[in-house]
Amino acid sequence: QVQLVESGGGSVQAGDSLRLSCIGSGRALSAYAMGWFRQAPGKEREFVARITTMGSTTDYVDSVKGRFTISRDNAKNTLYLQMLSLKPEDTAVYYCAAGSIWKRDPEKYAYWGQGTQVTVSS
């Protein structure tokens with residue numbers, strides 16, 4: 001079993017930055033592909049970014065390319081999401097997830113954190 005705990009969310013102004021962290025316990029996260037997803041009120045959970053086990057390859061949804069950076073520190077069992085130039089449309093609950101298959105589909109991720117709220121006001 002893997003337990004994931006996100007932190008770093010908050011309420012910011014458009015153009016500000018935030019850095020989300022996701023700390024794992026129970027098993028080494030290095031065994032898993034990791035992803036960040038988000039869910040806005042009234043919308044389905046959507047893919048944001050993903051990273052391979054060793055961090056060599058990343059992938060982003062078009063709406064965050066050039067603004068968000070996913071990274072991981074396997075020695076610290078931690079996943080990160082650096083978010084720059086935040087926009088009101090980035091407002092959502094952000095979740096980290098771990099899975100055995102490197103996919104954008106949230107159904108492929110077995111382990112999820114509880115989420116952290118990001119609110120961006122204009």
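Looking at V118 and L18, their side chains come closer than 4.5 Å, going by heavy atoms from C-beta outward. Using a 4.5 Å heavy-atom cutoff, the side chains of Y95 and Q114 are not in contact. At a threshold of 4.5 Å between non-hydrogen side-chain atoms, the residues Y80 and D73 count as touching. Between Y60 and V48 there is no side-chain heavy-atom pair separated by less than 4.5 Å. The shortest side-chain heavy-atom distance between Q82 and S17 falls under the 4.5 Å cut-off. Taking 4.5 Å as the limit, every side-chain heavy atom of T119 sits out of range of all side-chain heavy atoms of V12. With a 4.5 Å cut-off on side-chain heavy atoms, V64 and R38 count as touching.
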For M34 and L4, what are the C-alpha separation, side-chain angles and deciding distance, and is it a side chain to side chain contact (heavy atoms under 4.5 Å, CB included)?
-> CA-CA 11 Å; M34 301 290 297; L4 302 172; 4.3 Å; yes
Given the rule in the ring pair (Phe, Tyr, Trp, His ring centres under 6.0 Å) test, do F37 and Y109 qualify, once you have shown the distances and angles that lead to the verdict?
-> CA-CA 11 Å; F37 297 81; Y109 290 78; 5.1 Å; yes
Go through the steps for F68 and V61 under the test side chain to side chain contact (heavy atoms under 4.5 Å, CB included), then give the verdict.
-> CA-CA 10 Å; F68 290 12; V61 68; over 6 Å; no
Test side chain to side chain contact (heavy atoms under 4.5 Å, CB included) on N74 and Y32 and set out the steps.
-> CA-CA 10 Å; N74 287 338; Y32 300 94; over 6 Å; no
Yes or no on side chain to side chain contact (heavy atoms under 4.5 Å, CB included) for T53 and W102, after CA distance, side-chain angles and deciding distance?
-> CA-CA 9 Å; T53 54; W102 194 61; over 6 Å; no
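A cation-pi arrangement, defined by a distance under 6.0 Å to the six-membered ring centre and an angle within 45 degrees of its axis, is absent between R50 and W36.
Between atom CZ of residue R104 and atom CD of residue E46 there is a gap of 10.5 Å, rounded to the nearest 0.5 Å. Rounding to the nearest 0.5 Å gives a distance of 5.5 Å between CE of M83 and OH of Y94. Atom CG of L81 is separated from atom CD of E6 by 11.0 Å, given to the nearest 0.5 angstrom. R19 contributes atom CZ, which lies 10.5 Å from atom OG1 of T69 (distance to the nearest 0.5 angstrom). Atom CG of D62 and atom NZ of K65 lie 4.5 Å apart (nearest 0.5 Å).
In this structure a side-chain-to-backbone donor-acceptor pair under 3.5 Å is present from N77 to L29. Side-chain atoms of T91 come within 3.5 Å of backbone atoms of V120 as a donor-acceptor pair (strictly under, hydrogens ignored). In this structure, the side chain of T52 engages the main chain of T57 through a donor-acceptor pair within 3.5 Å.
Closest of all the heavy-atom pairs between R67 and S85 is NH1-O, 2.9 Å. Closest heavy-atom contact between A14 and S122: CB-CA, 4.3 Å. Smallest separation of non-hydrogen atoms from R72 and M54: CD-C, 4.4 Å. Here the closest heavy-atom approach between residue S121 and residue Q13 is recorded as OG-NE2, 3.2 Å. Between T78 and K76, the shortest heavy-atom distance links the atoms OG1-O, 2.8 Å.
Using a 4.0 Å cut-off between a side-chain N of Lys or Arg and a carboxylate O of Asp or Glu, D90 and K87 do not qualify as a salt bridge.
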